[in-house]
Amino acid sequence: MTTVADDSTHHDGSAGAPVGRPRRARPTLVAAVVVGVVMALLVLVLATRERAGERTASADLIGEQAPSVGGDVVLGQPFDLGASDRWTVVNFFATWCVPCIEEHPELRAFAEEHAERGDARVVSVVYDDKSSDVRDFFEKNGGTWTVVGSDEGRTALDWGVAKVPESYLVSPTGIIVERFVGGVTRQALDQVISLYDQPVAITSTTEGG
Amino acid sequence: MNAAFGTGGVVLGVAGSLGAIVTLALGLRGNRPALLRMSRTYALMVLAGAVVSFAAMERALITRDFSLEYVAKNGSSATPALYNFAALWSALEGSILLWGLILAGFTVAVVWKFRDRLTDPLVGWALLTMFVVCLFFFGLMLGPANPFRVLADVPADGPGPNPLLQNHPLMAFHPPMLYLGYVGFTVPFAFAIAALATGRLGEGWLVETRRWTLFAWTFLTVGIILGAWWSHEVLGWGGYWGWDPVENASLLPWLTGTAFIHSVMVQERRGMLRVWNLSLLCATFALTILGTFLTRSGVVDSVHAFSNSTIGPLLLGFFGLIVAVTVGLVGWRGDRLRSPARIDSPASREGAFLLNNVVFAAFAFVVLLGTVFPLISEALSNERVTVGVPYFERMTMPIGLMLLFLMAMAPVLPWRKASTETLRTRLLWPGWIGTGVLMFAVLIGARGFAPLLAFFLAGFAGGAALRQLALATRRQGWRGLVGRTNGGMIVHIGVLLIGVAFAASNSYQVERDARLCIEATSGCPSTITVDGHTITYVRATSEVTPARSQVGGQFQVDGGKVYEPVLQKFPNGTQQIGRPSVRNSPTDSVLLSLTDPPTSTGSVALKVIVQPMIVWLWIGGGVMVVGSIMAAFPGQRRRPIDPVSAPVPSRDRPADPPHHEEPVPVGAGR
C-alpha cells in the first residue's frame, strides 16, 4: 500500500514539472512511466477482486460458531467471546435507530438480572455511529455492559447484520443459537436460554439448535 | 418486434463504428481526404442506430412488452408514465443504451461542428477515437449488456423499477444529466489523443475543445447536484453527500475537469502546461470509465447496489486500454511538445492556477485512494479495511479551505507578476467583506474554528469575485457578465454558496428521534420542539394504489403548513422505503422522516433533522449553471497567442501528410 501511495505522490510532484523547472532529460517520459506502472498495479488489484455479492456472509449463522467481535472497546470491560461460562447476547445497535432505543430498557433489565446470577451478559456492537454519541446514549439511558466499536463495519458484515437492531444469542460454547431481528425483549431471551439450560449439558446445543 | 428493431439498431451502431474506424484509419494512413469525409455518413449511421434502439426500448416500456427481459425486470403495468419512461435508465443495460445514444449524439455534433475540416488529420484522429469509444459501448450492448434479450416465457407483469428510483421525480433527470457530463468528456479526450497523435499541440485545438469541456462539466455539475438533492429528499438521513463510491465516481472526473478548465487558461494566455492539460483531459475521461467500472462491477461496497453484471472486466479492460494509450502517447511525445515557457513568479495568476491544479490533483488522489483503499488493503493484507467518512472529512477539509483561499486570491492576481502594492489595494475590499461575513456569522451564534474559517474565506472569495464582476460591468455594461472570466466568477459565487451551505449544514445540524402521539400522554408528547421549530403530530394516513402502498403521518411545522413523511412499499420489494418530507426555508431545512410506521395506539416514531442553509446548496448549483452558460458566451475577444507549436518531424511514419506544416486557423474568426 505504502509503495503505491509513495509512487503516486511522486507522480503528483513530477506531473507539475513541465512548468517551472529547467529542462532535464525527458521528465514527462519518467512521469508517464510512473503513472503507467501505478495504473497497471491498480488495474491488477481491481481485476483480482471478488464481487461484492460473492463476499457477503451467509445470512443464517444459527448453529454455527460465532464470528469474532473485533472492534475497539468503547465502553466497559474488554471481553472474549470464545472463553466464557456464560451466555452472551451480541446486540448490534445505533443511537439513531428508534427500535434500538426502545429495546434498551429490555436489554438493561436482562443484563442486570443476569449479572447478579453470573450466567449471561450483553455485548453491544455499534453500527454506523459515533463513539461520542454512544457514550452519551449510555450515560442517559443506563447500562454498564461492554460496547465495542463497529470495526469499520466488518463485524456486522461477518455476522450478516442487515439492519439494526439485531441481536444474537451465543451459547457458552460460542455457538449462535438464536437471531433476533428488530427489538429484543428480556422475556424472549430468557425463554431461549431456559430451553437449553434445563437438564441437558450445553455441549448438545449444536444438535438442539 | 421491439427486440428486432432494437437489436437492429445496435447492430447498425456497431457496423457504423467499425466502418468508420476502418475508413478513418485508411484515410489517415494514406492521406485520402475522400475517405476522411465519409465519417459524416458513418456518424449519422451510428446515431440512427442509437435512436432506433432507444425508441424501440421506450416503445417496449410504454406498451409494456414483457417479452423483453429488460422490461420484464424493470417495468410494470402500474408504474406511472414518468417513471416508466425513466425506467430505461434505471438498470444497467438501459443505462448503456442511454450512454450509447448520447455518445452518438456527441459524435454527430463533432462532425457537424467540424464539417468543413473533416479532412484535417487532427479532426480525423479525434473522430477515430470517438468511434472507437462508440464501438466499445455498442459492442457492450451486443454482448454482456444486451438490453434486447428476449424471454421465452412472457410474464404477465413486471416488478417495476427499483423502489428508490420511483419515488421522486428528480431521479428521472439525474442520470441523463450525469451521462451528458460523463459522455461529453469523450470529445475533449478525443481531441487530446488527436493532438498527441498528430503532434500538433498548439493552442488551436484547445480553444475548440474548451467549450465542449465546459459543456460536459456543466452537465456533470448539474448531475451531481441533482443526485445530492435527491439523496436529501429521499434517503431521509439528512445527508446529501456520503462519500459513497458511486458519489466519488462522479466527483473524480469533476475534479480533474475543473482543474483543466482552470489550467487551460494558462495555456491559452502563456502557452504553458500543454502536456499537463492533455493529461488532465485524458485522466478525466479515464476516470469516467473507472467510475463506471467501480459502480457497475460490484467490486466496492456501495449503498447504490444497482447492478450485478458481467461487464466489469470489459470496462476494466477498456480503462486499461485508455491508460495505456494515453501514457504511451504522452511518454512518447510529451517531452518534445513541452513548452519552453516558465512561470515568472508564484504570486501571479498562472502561479495561482498551478497551485489550484496541484490542489485539485491532490483532491482527486485523496478521493480515489479512499475509494479503492478497501481493495488495495485486501490485496495486500487480505483484510478489507474501509476508510469511511471520517477519512474523507479529515482529508478533504483542509483541501476545501485551501480552494476557498485560492478562490479569494487568484481573481485579483495579475498575470506574470504581482507587486505587493497591487495586492494590497485589490485585496482590501474582499478582505473587509470576508471579515464582515465572519462577524455576522459569530453574531448569529456560529462557533467552531473550521466553519468560521470557511465562512471568512468564502466571504473573502466572494468579495474577490464581486470585485471582478463590478469592474467588468462598469467597463462593459451587461457584457461584463459574460465571457470566460466573468462567467467563471459567477460560477465561483455558486461554489461559494455551496461551500458555505456545506460547512454550515454539516457543523450545525440538530437531530432528534422521538415518539409522538396524537393524544399527548406521559412520555409521549404530541408536540416537540427541535432547534426552535415546533412539530405537532396531526394524524396518521394511509393510501393504497396499484403502484404502491404507503402509510404516513401528517405533522404541522411551526403551526403552519402540514408535512407528510411516509413509508412506502412497492409491489416488487418487501422493504419499506421511507420518503421524508422537507420544509425548506432560506435559513434552515426541517427534515421529517418516519423511522417506524404509525401504531394502532396512535403513536409514531419520527426523526427530525434541522440543518441550516440546505437550500443554498441547490441555489448555488443553479448559480453555477448560470455562470457556466455565461462563460460559454464569447466575451471580449482576445486572440489567443499562438506560440510556436512545431510539428513533430515524422521519422517513424513517413506517410504523415505534409500539410501539418500549415498553421491551423482554428478558433479564430468564428
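Each chain gets a letter, A, B and so on, in the order the sequences are listed, and its residues count up from 1. Computed from a prediction, not measured in an experiment: that's the story for all the values here.
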### Message
Does E113(A), at its CD atom, have more than 12 non-hydrogen atoms belonging to other residues, nucleotides or ligands within less than 6.0 Å?
### Response
yes

### Query
Given a strict heavy-atom distance threshold of 4.5 Å, which part of L329(B) is in contact with chain A: side chain, backbone, both, or neither?
neither

#### Entry: Contact origin within L44(A) toward chain B - heavy atom pairs under 4.5 Å
neither

### Task
Might you confirm whether atom CG of D72(A) has over 12 heavy atoms from other residues, nucleotides or ligands at distances under 6.0 Å?
no

## Note on the structure
Taken to the nearest 0.5 Å, the spacing of L290(B) CG from M39(A) CE works out to 7.5 Å

### Message
Please classify the contact between V330(B) and chain A as side chain, backbone, both or neither, with a heavy-atom cut-off of under 4.5 Å.
### Response
both

### Message
Tell me the closest heavy-atom pair linking L46(A) and L294(B), and the distance in Å.
### Response
CD2-CD2, 4.2 Å

### Task
Heavy atoms only, distances under 4.5 angstrom: which of A324(B), G331(B), P390(B) has the most pairs with chain A? Name it, please.
G331(B)

### Task
Let me see the working for V43(A) and V323(B) under side-chain contact (heavy atoms from CB on, under 4.5 Å), right down to the final yes or no.
CA-CA 10 Å; V43(A) 169; V323(B) 171; 5.9 Å; no

### Message
Nearest 0.5 Å, please: how far is CG in L29(A) from CZ in R333(B)?
### Response
14.0 Å

### Query
Is there a side-chain contact between L42(A) and V372(B) (heavy atoms, below 4.5 Å)?
yes

